[in-house]
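Okay, so here's the structure we're looking at.
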Protein chains: 2
Amino acid sequence: MPRRSTKRYHHGDLRKALVEGALRLLETRSPAELSLRSVARLAGVSPNAPYRHFESKDALLAAVAEEGFRRLATVTAAAKGPPRKRLAQMGAAYVRFATENPRLYGLMFGPVLSGWERYEGLVAAGDASFAVVVEAVAAATNTDPKRASRDAILAWSAVHGYAMLAIDGHLGSCPAKELPPPEELVRIIDTR
Amino acid sequence: MPRRSTKRYHHGDLRKALVEGALRLLETRSPAELSLRSVARLAGVSPNAPYRHFESKDALLAAVAEEGFRRLATVTAAAKGPPRKRLAQMGAAYVRFATENPRLYGLMFGPVLSGWERYEGLVAAGDASFAVVVEAVAAATNTDPKRASRDAILAWSAVHGYAMLAIDGHLGSCPAKELPPPEELVRIIDTR
DNA sequence: ACCTGAACACCGTTCAAGT
DNA sequence: ACCTGAACACCGTTCAAGT
């Protein structure tokens with residue numbers, strides 16, 4: 001019969017606890033401050049216990065970023081309305097996700113995780129979140145797939161750039177009233 | 001009469017040597033790999049010699065990023081032609097700078113340098129580089145200054161986002177032929 | 001199978017001391 | 001005024017050992 005004490009030698013689901021702990025730390029601490037040891041401490045395990053579940057710190061960060069892409073895809077896919085309006089709403093939802101989770105978003109796209117190509121789960125989650133944008137752009141412009149893909153890159157660039165500038169505080173000096181609303185970002189695919 | 005030996009106790013212009021050394025290291029090493037100690041080693045001084053010239057590692061990185069913004073402003077300001085074409089050229093030159101100096105660009109905008117607002121030289125250089133864009137947008141659209149400023153943010157977002165996606169390799173899976181040329185980014189301010 | 005403890009090479013930073 | 005040397009607390013990672 002298993003001991004029910006709160007401090008057991010075996011954690012139970014340490015992998016999940018580490019990812020969730022890292023996500024919690026990212027709510028208040030910058031990626032640079034997020035050390036593998038601090039995540040282990042938060043989970044109540046020794047400094048190298050994570051190595052039973054992740055081959056390196058980067059592998060843990062990849063799992064965290066992957067969860068970030070899943071959340072982002074959920075948020076953007078939830079945009080409703082007729083195609084043109086839905087796209088604008090999606091852009092706004094995207095920017096909102098980024099500004100509400102600035103450090104997570106920075107981890108997902110920033111130079112913190114350099115070798116992200118090596119983590120296939122992360123690549124798949126990133127592709128899936130991009131697919132949501134491509135689909136919405138295609139629906140809003142009803143053009144051929146190739147053109148839709150190019151337009152999606154333009155739209156994604158605009159939204160991503162706006163989000164990054166906002167997160168890094170480069171838009172902070174402007175009074176909010178003079179900022180273009182994120183919905184305007186889709187103007188990039190308006191002319192044809 | 002000063003000793004002409006190559007290894008003198010006093011460096012001469014260590015500050016400049018550190019900034020240039022860091023820029024050199026950024027040509028091949030990621031910002032995460034760029035340690036203060038490695039910059040000191042490259043300059044041939046002890047690990048803490050930099051502290052006579054910079055109060056912290058962040059202060060050195062700020063000086064490096066500042067030089068990056070000066071170079072970026074030089075590159076974008078060099079765009080020629082009639083206003084509309086000049087703006088498109090400027091966008092392309094901007095993206096070229098970012099992709100040719102990916103790690104420097106990442107340092108300038110990424111989350112590596114968290115407290116950049118505290119370095120006024122850096123803020124001034126960043127503002128100056130943005131002013132180039134605002135001026136070009138205003139000339140291309142000849143509208144009121146407030147509108148031009150908002151449009152400049154849109155254009156900057158698109159170009160910045162495209163550059164970031166390209167640097168991080170998120171555009172790498174697309175065949176180059178299907179990528180939108182950077183000149184198209186200015187379409188974001190085309191409709192009115 | 002999963003975790004701990006001690007150790008290694010590194011890092012940013014500080015302080016006393018050298019020239 | 002500018003730099004060195006030794007030290008501190010931290011980090012990612014490894015290896016042997018514990019349960």
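So that the names make sense, note that chain A is the first sequence line, chain B the second, and so on, each numbered from 1. Fair warning: this is a prediction, and the values are worked out from it, not measured in the lab.
The nucleotide whose nearest atom lies closest to any side-chain atom of Y51(A) is, among dT14(D), dT4(C), dC3(D), dT14(D). Listed nucleotides: dT4(D), dG12(C), dT13(D). Nearest to the side chain of R37(A): dT13(D).
Between the CD atom of E33(A) and the P atom of dC11(D) there is a distance of 11 Å, given to the nearest Å. Between the CG atom of L60(B) and the C1' atom of dC11(C) there is a distance of 15 Å, given to the nearest Å. Distance CZ (R41(B)) to C1' (dC11(C)): 10 Å, rounded to an integer number of Å. Distance R15(A) CZ to dA1(C) P: 18 Å, rounded to the nearest Å. Computed from coordinates, the L14(B) CG to dA1(D) P distance equals 17 Å when rounded to whole Å. We find that CG of L36(B) is positioned 16 Å from C1' of dC11(D), with the value rounded to whole Å. For L34(A) and dC11(D), the CG to P distance is 11 Å, given to the nearest whole Å. Distance, D13(A) CG to dA1(C) P: 18 Å, rounded to whole Å.
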*In dot-bracket notation, what is the pairing pattern of DNA chain D, taking Watson-Crick (N1-N3 plus N6-O4 or O6-N4) and G-U wobble (N1-O2 and O6-N3) contacts under 3.5 Å, with [ ] crossing and | for other strands?*
||.|||||...|||||.||

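In this structure, the ring of H170(B) has its center less than 6.0 angstrom from the ring center of F109(A). Between H160(B) and Y105(B), the gap from one ring centroid to the other is short of 6.0 Å.
A sub-4.0 Å separation between OP1 or OP2 of dC11(C) and a side-chain N or O of S35(B) is present. Phosphate contact (OP1/OP2 of dC3(C), side-chain N/O of H53(A), threshold under 4.0 Å): present.
Grouping the Ile, Leu, Val, Met, Phe, Trp and Tyr side chains by contacts below 4.5 angstrom, directly or via other members, places Y162(B) with L154(B). There is no path of hydrophobic side-chain contacts, each under 4.5 Å, that joins F69(A) to V132(A).
Residue whose closest nucleotide on DNA chain D sits further toward the 5' end, between R52(A) and R52(B): R52(B). Checking S38(A) against E55(A), the closest nucleotide of DNA chain D that is more toward the 5' end is the one next to S38(A).
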_Go through it in stages, so that I can follow the logic: the residues are R24(B) and E20(B), the test is salt bridge (charged side-chain N to carboxylate O under 4.0 Å, His left out), and I'd like the CA-CA distance, side-chain angles, deciding distance and then a yes or no._
CA-CA 6 Å; R24(B) 276 244 313 279; E20(B) 288 179 352; over 6 Å; no

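W156(B) and Y94(B) are linked by a side-chain donor-acceptor pair at a separation below 3.5 angstrom, with hydrogens and angles left out of the test.
Side chains of M164(B) and M164(A) form a contact here, defined as non-hydrogen atoms less than 4.5 Å apart.
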